[in-house]
Structure formats: C-alpha cells, structure tokens
**Student:** 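Could you have a look at this structure, given as structure tokens, before my questions?
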Protein chains: 2
Amino acid sequence: MTAKPAKPSVQSAAEAAMRADKAVVIGLNAAIVTVSESAPKILVVPHDEADGTGGWDALPFGPFNPLQHRTLEIGLRSWVQEQTQLELGYVEQLYTFGDRGRHSLEIEAPGEHVVSVGYLALTRSHDETLKGAAWRDWYQHFPWEDWRDGKPPIIEQAIVPLLREWVSRQAEATPDELSRGKRRDRMRLCFGVDGVDWDDEKALERYELLYSAGLLQEAARDGRPNALALTEKNVPPLGRPMQFDHRRILATAMSRLRAKIKYRPVAFELMPPAFTLYELQKTVEALLGLHVHKQNFRRLVENAGLVERTGRMSTRTGGRPAEQFRFRREVLNERPAPGLKLAPSRSRANS
Amino acid sequence: MTAKPAKPSVQSAAEAAMRADKAVVIGLNAAIVTVSESAPKILVVPHDEADGTGGWDALPFGPFNPLQHRTLEIGLRSWVQEQTQLELGYVEQLYTFGDRGRHSLEIEAPGEHVVSVGYLALTRSHDETLKGAAWRDWYQHFPWEDWRDGKPPIIEQAIVPLLREWVSRQAEATPDELSRGKRRDRMRLCFGVDGVDWDDEKALERYELLYSAGLLQEAARDGRPNALALTEKNVPPLGRPMQFDHRRILATAMSRLRAKIKYRPVAFELMPPAFTLYELQKTVEALLGLHVHKQNFRRLVENAGLVERTGRMSTRTGGRPAEQFRFRREVLNERPAPGLKLAPSRSRANS
DNA sequence: CTTATATATACTCATTCTGAGTATAATTAG
DNA sequence: CTAATTATACTCAGAATGAGTATATATAAG
C-alpha cells in the first residue's frame with residue numbers, strides 16, 4: 001500500500017476532467033415557497049415551446065457563473081433578487097440532479113450538459129405581481145398530496161387502479177413473487193394502501209413512483225416506455241406537469257420542508273411578525289397537507305418556547321378574539337432549536 | 001402579469017450559460033465509511049504536493065462524465081468500483097459545494113472551475129489492502145467529536161481558549177453587544193459551553209466554526225485572514241487536515257450519518273449478516289461518538305422490530321455468550337422503517 | 001470445585017410525552 | 001338574549017423514555 005500508485009489515477013482523472021467533453025453547465029433552480037390563504041404557493045414562470053410542453057410551468061432558474069459568484073447560494077440569491085425582487089429568507093440546498101433525459105433536450109447544445117442544483121427558499125407572503133411570474137398553489141401540481149379534506153379522490157379513482165395495473169404488468173414480465181412484491185410494496189408504502197398510514201414526508205418518493213410507473217406527462221415527454229402505453233389509453237393528467245425536471249425538484253422541496261418543519265422552526269419564515277396560533281397552525285397544515293389537533297398544537301408551540309405573547313389581540317371575524325404571538329428568536333440560541341413535532345389529527349385527516 | 005416578459009430573461013440566461021466562461025467541471029467526492037473495531041473509518045487516498053499540503057489525506061474523487069453516465073450517482077459508483085473494488089451498499093448525496101478558495105487552486109485551470117458534489121457511502125468492514133488507499137479512523141480528523149471516553153481534552157485545552165479569543169477579537173472590531181453575542185452563541189451551541197448539551201449531529205457546524213475562526217490548517221492554506229494571525233502564534237493543529245474541502249465533506253457526512261442513523265435503519269449496512277446486539281451498539285456508539293444505555297438500546301432495537309434472533313450464539317471471550325441477531329429486512333416494507341432513536345447515556349458520556 | 005469477574009438479558013419504576021378529549025371564556029350574528 | 005363560533009385552559013389514560021436492579025451464563029483464578 002504505497003502512496004504513489006493511486007496518485008496517477010486520481011489526479012489524471014481530475015485533469016482529464018478539464019477537457020471540454022466533461023464540462024457541464026450548472027443550472028440553479030429555486031423552489032420559492034410562500035403560504036397565503038391556507039395554501040402553499042410556489043413561484044413559477046411561464047414557459048412556451050413548440051414541442052408540446054407549451055404552457056407547462058417552470059421554476060425560476062438561472063445559470064451559475066463561477067467567476068461572478070463565490071458560492072452557489074450567492075449565485076442563486078443574486079439572480080432571484082434580480083429577476084423577482086423577492087427577498088428570500090431561509091434558503092436551503094436540496095439536491096443536485098445530473099440525469100440525462102429528465103428534461104426536454106432542446107436546451108442542451110450538442111456535447112454540453114446541464115446539471116441542476118435545486119434550492120428551497122421561503123419567503124413571506126406578498127401579493128405584488130412579479131413580472132412574468134406567478135404564485136401557484138403547489139397542490140395543483142400534486143393533487144394527491146392534500147389530505148386536509150380527507151383522502152383526495154384522485155388516489156382511489158385514478159392512481160391506485162393505474163398502479164395496480166403497473167404492479168400486475170411486472171408480474172407478467174418477471175413472474176417471480178419477489179420482484180412483483182417490490183412494486184406492490186412501493187405502492188403500499190407510498191400511497192398508504194392496505195392499512196399503511198399516509199406519510200406526508202414521502203412526497204418525493206410518490207412522485208418518483210408515479211414517474212417510473214409512467215403515469216406522469218413528464219414521463220411521456222421523456223419517452224419512458226411505460227408512459228407510451230398509458231398515453232394511448234387516454235389517462236387523464238395527474239396534476240399539472242412542469243418543465244424539465246422541475247416537478248421533481250418541487251417534490252423534493254415538499255418532502256424536505258415537511259420533514260424540516262418538524263424539527264426546526266422554519267415555519268416562522270412564512271409568518272408575518274405577529275400572528276395568532278391558529279394562523280400558524282393553518283400555515284403548518286397547508287404545508288403538511290394534514291390537519292393537526294388544535295389544542296395539542298398550542299401546547300406544543302408554547303411549551304417549546306417557540307413563541308411569546310404580544311399582548312395585542314387579533315380583530316378577527318367569528319368567535320372570541322385570539323391573542324397575537326411573535327416568534328421567540330432566542331430559541332435559536334438555546335437548545336438545538338426545535339420544530340413543530342406534530343402528529344396528524346386522526347379525527348379529520350382520515351375521513 | 002403576462003407570460004411573455006419573463007421568458008427572454010430566463011431563457012436567454014440559460015442560453016448564455018452555454019458559453020465556456022460558465023462551464024464547470026463536476027468533481028464527485030466520496031466519503032466512504034466503514035466501522036471496524038469500534039472505530040468509524042474513512043477511506044482516504046494519499047496526496048503529495050509541493051505546496052505544503054503534502055501528506056494531507058484526500059477523499060477519493062473523480063470527475064463526472066455526463067456522456068458516460070446517466071446520473072451522478074451512477075458515475076460515482078462506477079469510478080469507486082473501478083478504483084477501489086469496494087462494493088458500496090448505501091449511497092447518499094450530501095451536498096454540492098461551489099466555493100471558490102476552499103481548495104488549493106492548482107487544480108483549476110485558468111478560467112475553469114470545479115464544483116464538487118459530496119457523497120456518503122457505507123460499506124461493510126473489509127480488511128483487504130486497497131491500492132494506494134487506506135482506512136483512517138475519522139476521529140483523527142475530528143478529535144473533538146469522540147466523547148466515548150468523556151469530553152475530549154482538546155476541547156478545554158485548545159479549542160475553547162482559542163474560540164474565546166476569537167470571540168473577544170470581534171468584540172474589539174465591532175463593539176456592539178449584539179454581534180459579539182453572535183460569536184459567543186455559536187461557540188456555546190457548537191461546543192456545549194455554559195451548560196449547553198453536546199449535540200453529536202452538529203459536526204459540520206463545529207467544523208465550519210473552527211474554519212471561520214481560522215483555527216484549522218485548511219483556513220491557513222486558503223489564506224483566511226484570521227488564520228494567519230494564529231499560525232504565527234504556533235497553534236497546534238486541530239485534527240488532521242485534508243486536501244481541498246474534503247474535511248468539510250467528511251464533516252457533512254458525519255453530521256448526516258449521525259442524524260440518519262436515528263430515524264432510518266442504516267447502521268445495518270455496516271454490520272455483518274449476523275451480529276450480537278452489543279456489536280451493533282458498539283457500531284452505533286462509534287458513529288455517534290457517544291455511549292448509549294445498553295439495556296434501553298436492546299429494548300429499542302427489539303421493540304422496533306429491527307432485528308430477529310438467529311438462534312446461534314456468539315463464541316465470545318468474557319462473560320455469558322450473546323445471541324446473534326440479523327437485520328429484519330421486512331421492516332423496510334412495514335411502517336416508514338425506523339432507526340435507532342437513542343439518547344446518550346448520561347452516566348458515562350459526561351464524565 | 002469454588003469464587004470472582006465479566007457480560008447478557010430480563011424486569012421494574014418514576015417521569016415525561018402524546019393523543020384525544022372535556023370544560024369554559026369571549027366574541028359576533030341574529 | 002340566545003345561538004353559533006372561535007380561543008384557550010385543563011384532564012386523563014396510555015406510550016415512550018431514562019435510569020436502574022436483578023438474574024443468568026459464561027471464563028479465569030485459586
């Protein structure tokens with residue numbers, strides 16, 4: 001085990017990378033999220049191409065210029081600021097995708113390749129019209145993810161039957177019990193079939209399952225074999241598709257945010273300076289796509305020291321006025337700053 | 001809010017990115033982890049340069065060739081396999097770093113830029129010598145992270161005094177109480193000063209804190225202003241440095257793995273097919289750098305249905321023979337597959 | 001063979017955390 | 001004034017958690 005032998009291979013590999021055939025362009029994609037009127041909204045820019053994907057939303061994206069920006073995040077903030085005038089609060093890197101064939105190819109010049117880095121950004125609700133961009137309820141892209149009014153009908157009416165067909169199609173191809181079970185298990189775990197509970201954090205897994213089952217328009221666009229068969233059968237679109245792999249990035253953002261909200265106080269990035277506990281709850285429920293138990297939610301938020309009273313009351317319609325609270329920034333300097341560990345309320349979520 | 005206006009800016013930006021000045025090379029870095037003899041080991045390749053960083057370990061890395069590999073992960077698996085003959089089990093993307101100035105620059109040709117994507121990979125312990133590579137106990141790079149024998153002396157003897165100086169240095173520069181408090185709070189939360197508990201998952205935050213305080217040799221290499229002053233003062237090295245930003249990637253891997261082990265059954269990727277519960281515990285403790293309560297650990301692992309008995313006994317030295325268990329793969333198909341939610345044992349951890 | 005020592009494993013117990021209610025207070029709509 | 005509506009406080013059983021104690025089964029020493 002001498003030091004020398006490894007060096008040539010590793011180093012020369014790195015040097016070989018310098019050549020143009022391995023050069024890629026970094027695309028920075030931002031899933032910019034806000035919540036207003038109990039709906040999580042995602043910032044989209046319109047996209048029109050003659051290739052059949054016209055009208056599909058795209059996430060705002062821009063290239064990373066390494067000469068201009070020291071880090072990827074700085075690069076992202078810079079062009080988002082420039083293009084949207086939004087001030088981003090929380091920003092988090094999600095994932096870097098390098099897949100060939102997961103976005104329409106016309107953007108790639110021959111011999112060049114785009115690697116896309118996805119970011120999640122949160123911003124406080126704000127109604128100004130952004131030039132050319134729009135806020136879209138993210139459940140338009142993921143209608144199966146919103147369980148606030150009970151199980152979304154699209155699951156039993158469309159998704160489960162189509163997936164069952166996909167499961168049995170594999171059964172024909174590979175008749176061994178084991179690998180058929182795999183597809184069935186994936187379906188069960190993702191969509192909560194056969195008594196498995198719904199897991200709000202599996203948004204990405206569900207998207208990927210639907211994609212690989214060929215049930216999404218993106219899969220058809222990418223020419224996935226499964227998808228072609230279904231296109232012929234006139235399967236209705238499952239949610240609004242998005243350009244490139246942007247719906248996948250959005251799914252990643254949803255999963256990450258739904259997980260993060262439970263152990264870090266990120267929900268407050270979406271709230272105004274003062275808010276009632278019920279407003280906070282509505283925001284959280286919007287993101288999770290679930291209802292939570294109101295009294296326990298209060299207890300949790302107050303016991304964790306996440307908020308403090310302002311003394312002011314909210315002039316609301318309806319019943320008794322609610323007190324307004326503010327985020328206790330100090331928690332960030334106390335213990336590892338907790339989030340909103342909450343369990344879905346059985347009473348309404350599973351109706 | 002028409003659709004048109006945004007299109008030119010977004011699209012043309014993407015097209016502009018095609019030009020060579022924005023092209024970058026993707027470097028794939030692998031933090032390949034195993035555990036043997038109660039020590040977490042990281043695979044390193046030697047690196048010798050005449051620039052003063054000779055002898056620093058490097059993580060194995062290779063370029064991503066988009067023409068050859070469909071996804072980043074496939075590219076990574078491919079050259080790791082090629083270079084090390086290791087079979088990777090679990091692989092997870094960690095983070096994509098684009099920072100200029102966080103690695104010695106000689107690798108970058110003028111006008112070109114390396115963006116590095118870090119990966120965490122787990123592999124079962126295996127003693128064969130790998131050509132040119134070596135397994136290194138990861139605590140050699142992070143001596144402050146191993147609390148299994150009580151608080152590591154380096155914290156009180158070196159780190160805390162140096163950080164205090166760094167805190168007070170800011171107090172001079174910006175005398176306002178608020179921003180001085182920021183440095184102090186960072187120190188407190190990271191290193192568990194003033195009654196704050198040690199958080200094993202903050203490995204990355206601690207590394208970044210030490211780096212930005214200029215206490216690491218990498219900071220000196222990168223010419224960080226803080227670091228220069230300290231080099232003069234003959235500060236002893238805090239842990240073994242690594243080439244480029246590889247120690248940061250390793251810190252990211254540690255943080256991610258320490259977090260993940262608590263909610264996903266990844267520890268079993270590091271275990272042989274059959275193992276005793278104490279062996280499993282030792283592995284987990286090695287990764288966390290903490291002791292856990294033995295009886296409660298057993299209860300947790302068994303109640304969660306993570307293991308099943310094999311009936312065979314372990315022929316061990318010492319006391320009563322222990323039963324061997326195996327991982328219950330079925331948990332993956334049951335509920336969202338839990339991990340090893342464990343609390344550090346107060347009795348020995350804080351000695 | 002007996003005893004000390006070491007480890008494995010089972011069982012206990014107080015405390016806290018959770019999930020799910022009930023009870024009561026303060027508003028507005030009629 | 002009453003019903004409806006929302007806010008907030010309080011209760012309670014069961015599960016999970018942290019920390020032991022008790023007992024079983026081996027090896028090593030004498």
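Residue numbers begin at 1 in each chain, while the letters A, B, ... track the order of the sequences.
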**Student:** Does a salt bridge link A:Glu323 with A:Arg309, judged by any charged N lying under 4.0 Å from a carboxylate O?
**Tutor:**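 Looking at A:Arg309 together with A:Glu323, the answer is yes, because their closest N to O distance falls below 4.0 Å.
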**Student:** I need the CZ-P distance between B:Phe297 and C:dA10, as an integer number of Å.
**Tutor:**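 It is 15 Å, rounded to the nearest whole Å.
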**Student:** Whole angstroms only, please: what is the CG-P distance between A:Leu340 and C:dT18?
**Tutor:** 12 Å
**Student:** Using a cut-off of less than 4.0 Å, is there contact between a side-chain N or O of A:Arg298 and OP1 or OP2 of D:dT8?
**Tutor:** yes
**Student:** Measure NE2/A:His291 against P/C:dG19 and give the value in whole Å, please.
**Tutor:** 17 Å
**Student:** For B:Tyr90, run the side chain to side chain donor-acceptor pair (under 3.5 Å) check against B:Lys260, B:Arg264, B:Glu269 and tell me which one passes.
**Tutor:**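 So the option named by the test is B:Lys260.
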**Student:** Other residues, nucleotides and ligands only: do more than 12 of their heavy atoms fall within 6.0 Å of CD on A:Glu330?
**Tutor:** yes
**Student:** Where the side chain of A:Arg309 is defined as all heavy atoms beyond and including C-beta, which of C:dT7, C:dG19, D:dA9 is the nearest nucleotide?
**Tutor:** D:dA9
**Student:** The side chain of A:Arg299 is closest to which nucleotide in this list: D:dA24, D:dG20, D:dT11?
**Tutor:**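 It is D:dT11.
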**Student:** Taking 4.0 Å as the cut-off, does a side-chain nitrogen or oxygen of A:Lys294 come that near to OP1 or OP2 on D:dT8?
**Tutor:**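 False: A:Lys294 side-chain N/O out of range (4.0 Å or more) of D:dT8 OP1/OP2.
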**Student:** Between B:Lys202 and B:Ser255, does a side-chain hydrogen bond (donor to acceptor under 3.5 Å, both in side chains) hold up when you go through it step by step?
**Tutor:** CA-CA 6 Å; B:Lys202 289 213 192 314; B:Ser255 278; over 6 Å; no
**Student:** Within this structure, what is the CE-to-P distance between A:Met313 and C:dA25, rounded to whole angstrom?
**Tutor:**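 Roughly 15 Å, once rounded to whole Å.
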**Student:** With no angle test and no hydrogens, is the base of D:dA19 tied to the side chain of B:Asn296 by a donor-acceptor pair under 3.5 Å?
**Tutor:**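 In this structure, the two groups form a donor-acceptor pair.
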**Student:** Output the single nucleotide from D:dG18, C:dA10, D:dG20 whose closest atom is nearest the side chain of B:Glu302.
**Tutor:** C:dA10
**Student:** I need the NE2-C1' distance between A:His293 and C:dC17, as an integer number of Å.
**Tutor:** 15 Å
**Student:** Is any side-chain N or O of A:Gln295 under 3.5 Å from a base N or O of C:dT18, one able to act as donor and the other as acceptor?
**Tutor:** no
**Student:** Taking for each residue the nucleotide of DNA chain D bearing the nearest heavy atom, is the 5' side occupied by A:Glu323 or by B:Arg320?
**Tutor:** A:Glu323
**Student:** Pick the closest DNA chain D nucleotide for B:Leu300 and for A:Thr276 by heavy atoms, then say which residue is nearer the 5' end.
**Tutor:** A:Thr276
